Amino acid sequence: MVQIFLDTASLKEVEEFSKWGIADGVTTNQKIFLQEGGVDFRKRVVDICNVVKGPVSVETTKHTVEELLAEGREYATWHKNVVIKVAMFGNGDGLKVVSQLNKEGIKTNMTVMMTFNQLVLASKAGATYVSLFYNRAKEAGEDPVQIIRHYASYAKESGCLSRLIVGSIRTPEDVASAISAGAHIMTIPSKILAQMPFNKRSEETMKEFDEAWEQFLAMRKPEAKQVAQIK
Ligand code: E4P
């Protein structure tokens with residue numbers, strides 16, 4: 001079954017969607033935290049971990065292997081569910097970081113990926129999760145649906161354990177296409193997730209049923225009176 005992660009750092013949103021019973025984890029990044037204003041970074045991460053009870057990806061921000069490793073090791077001490085997000089740097093440094101953190105038993109999510117080759121390298125380096133940016137890949141001229149299909153069958157056939165997270169979602173239709181193509185996990189912004197239960201025809205049908213029920217109750221009234229008289 002596909003897993004659903006919330007692509008947010010809002011505690012209110014995490015609390016709300018956790019009540020829906022559909023939230024398996026959370027992913028964050030620098031832009032997502034920017035939307036939260038001046039919150040205490042560490043406290044917010046821990047608070048989210050305590051609500052969602054699943055993996056919570058926290059992105060590293062440094063630019064050298066040593067600094068990235070130190071940052072990742074530090075975040076990993078904050079909560080057992082923290083997963084270290086490491087970007088796919090073009091010079092291979094991100095792969096070095098993922099490989100080393102994996103050796104130390106720290107879970108990673110290799111991120112900002114646009115191609116099948118990047119996903120394969122990240123999984124070879126030992127990433128727990130590999131993140132494909134659906135719409136950003138599309139904007140770069142790639143075919144994200146095809147990449148998802150290829151990675152899903154590659155993972156199945158090769159026994160590779162890295163789970164594919166599909167992010168950069170802009171519409172509910174993106175979600176449906178990515179899941180149908182074989183995404184293991186979808187990370188979805190709250191604005192999109194909130195639209196997913198809604199369907200115009202479902203609303204019309206519910207209204208029709210409500211009206212039928214009102215008519216049924218109105219018809220039952222004399223019958224109820226009759227029963228009362230017999231007693
Ligand atoms: C995934 O982990 C990222 O947080 C996210 O989906 C990035 O997408 P966007 O910046 O294109 O919205």
Side-chain angles (χ1 to χ4, degrees), residues 2-14 17 22-37 39 41 44-45 48-49 52 54-62 68 71-72 75-76 79 81-89 94-95 97-98 101 106-116 118-119 121-123 125 127-145 147-148 151-152 162-179 181-196:
V2 73
Q3 287 198 306
I4 292 181
F5 288 1
L6 311 172
D7 208 14
T8 183
S10 157
L11 189 59
K12 219 173 124 208
E13 290 173 5
V14 173
F17 290 110
I22 50 94
D24 299 299
V26 167
T27 52
T28 66
N29 62 35
Q30 296 87 328
K31 275 188 79 177
I32 286 173
F33 259 100
L34 177 62
Q35 288 170 32
E36 295 304 300
V39 292
F41 180 41
R44 177 56 61 89
V45 168
I48 291 174
C49 288
V52 79
V56 175
S57 289
V58 182
E59 188 149 348
T60 47
T61 61
K62 307 291 186 203
L68 286 161
E71 199 181 12
Y75 295 165
H79 194 282
N81 289 346
V82 166
V83 172
I84 309 305
K85 242 180 167 184
V86 182
M88 174 56 91
F89 292 100
L95 290 164
V97 175
V98 163
L101 292 178
I106 294 174
K107 289 191 174 138
T108 55
N109 172 357
M110 186 135 226
T111 189
V112 203
M113 293 194 281
M114 313 290 161
T115 68
F116 175 72
Q118 290 177 319
L119 297 175
L121 289 177
S123 65
T128 318
Y129 302 98
V130 293
S131 286
L132 177 72
F133 278 26
Y134 190 97
N135 273 290
R136 289 183 190 257
K138 215 169 172 179
E139 287 152 14
E142 302 287 340
D143 179 349
V145 168
I147 297 172
I148 296 164
Y151 185 83
S162 309
R163 309 298 287 160
L164 174 61
I165 302 179
V166 178
S168 190
I169 293 302
R170 308 266 190 268
T171 65
E173 290 72 30
D174 295 340
V175 176
S177 305
I179 295 175
H184 302 142
I185 301 162
M186 295 302 304
T187 189
I188 310 174
S190 308
K191 206 177 95 190
I192 307 304
L193 199 50
Q195 295 170 35
M196 287 171 55

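Everything numeric in this text was worked out from a predicted model, so none of it was measured. All residue numbers refer to positions in the sequence shown, counting from 1. Order of appearance sets the numbers: ligands from 1, and atoms from 1 within every ligand. Values below: all heavy atoms of this structure, side chains included; hydrogens, waters and symmetry mates excluded.
- Considering both main-chain and side-chain atoms, Thr187 never comes within under 3.5 Å of ligand 1 through any nitrogen or oxygen pair.
- Side-chain contact, Thr27 with Ser57: no donor N or O sits under 3.5 Å from an acceptor N or O.
- Neither side chain, Glu71 nor Thr60, offers a donor N or O lying under 3.5 Å from an acceptor on the other.
- Taking CD1 of Ile32 as the start and CG of Leu6 as the end, the distance is 10.5 Å to the nearest 0.5 Å.
- Judged purely by atom type and a 3.5 angstrom limit, Thr111 has no side-chain atom pairing as donor or acceptor with the backbone of Val86.
- Numbered from 1 in the order shown, with element, the atoms of ligand 1 that lie under 4.0 Å from a heavy atom of Gly167 read 6 (O).
- Residue Lys31 has no N or O atom closer than 3.5 Å to an N or O atom of ligand 1.
- Close contacts of ligand 1 with Arg170, meaning ligand atoms under 4.0 Å from a residue heavy atom, involve 9 (P), 11 (O), 12 (O).
- A donor-acceptor contact closer than 3.5 angstrom is absent between the side chains of Thr115 and Glu142.
- Residue Arg136 approaches ligand 1 through these ligand atoms, each under 4.0 Å from one of its heavy atoms: 9 (P), 10 (O), 11 (O).
- Heavy-atom contacts of Ile32 reach the following atoms of ligand 1: 4 (O) (cutoff under 4.0 Å).
- Heavy atoms of Asn135 come nearer than 4.0 angstrom to ligand 1 in no pair at all.
- Less than 4.0 angstrom separates some heavy atom of Asp7 from each of these atoms of ligand 1: 1 (C), 3 (C), 4 (O), 5 (C), 6 (O).
- Those atoms of ligand 1 with a heavy atom of Lys85 less than 4.0 angstrom away are 1 (C), 2 (O), 3 (C), 4 (O).
- From the protein, the heavy atom lying nearest to atom 7 (C) of ligand 1 is Phe133 CE2, 3.5 Å.
- Here the two rings, on Tyr75 and Phe41, have centers that are under 6.0 Å apart.
- Scanning the protein for heavy atoms near atom 8 (O) of ligand 1, the closest one is Ser168 CA, 3.3 Å.
- Between Ile147 and Leu119 there is a side-chain heavy-atom pair separated by less than 4.5 Å.
- Here the straight-line distance linking atom CD1 of Ile192 with atom CZ of Arg170 works out to 9.0 Å at 0.5 Å rounding.
- Note on ligand 1: Glu59 sits outside its first shell, no heavy atom being nearer than 4.0 Å.
- In this model, no donor atom of one side chain and acceptor atom of the other lie less than 3.5 Å apart for Asp174 and Ser177.
- Between Asn29 and ligand 1, at least one N/O pair is under 3.5 Å apart.
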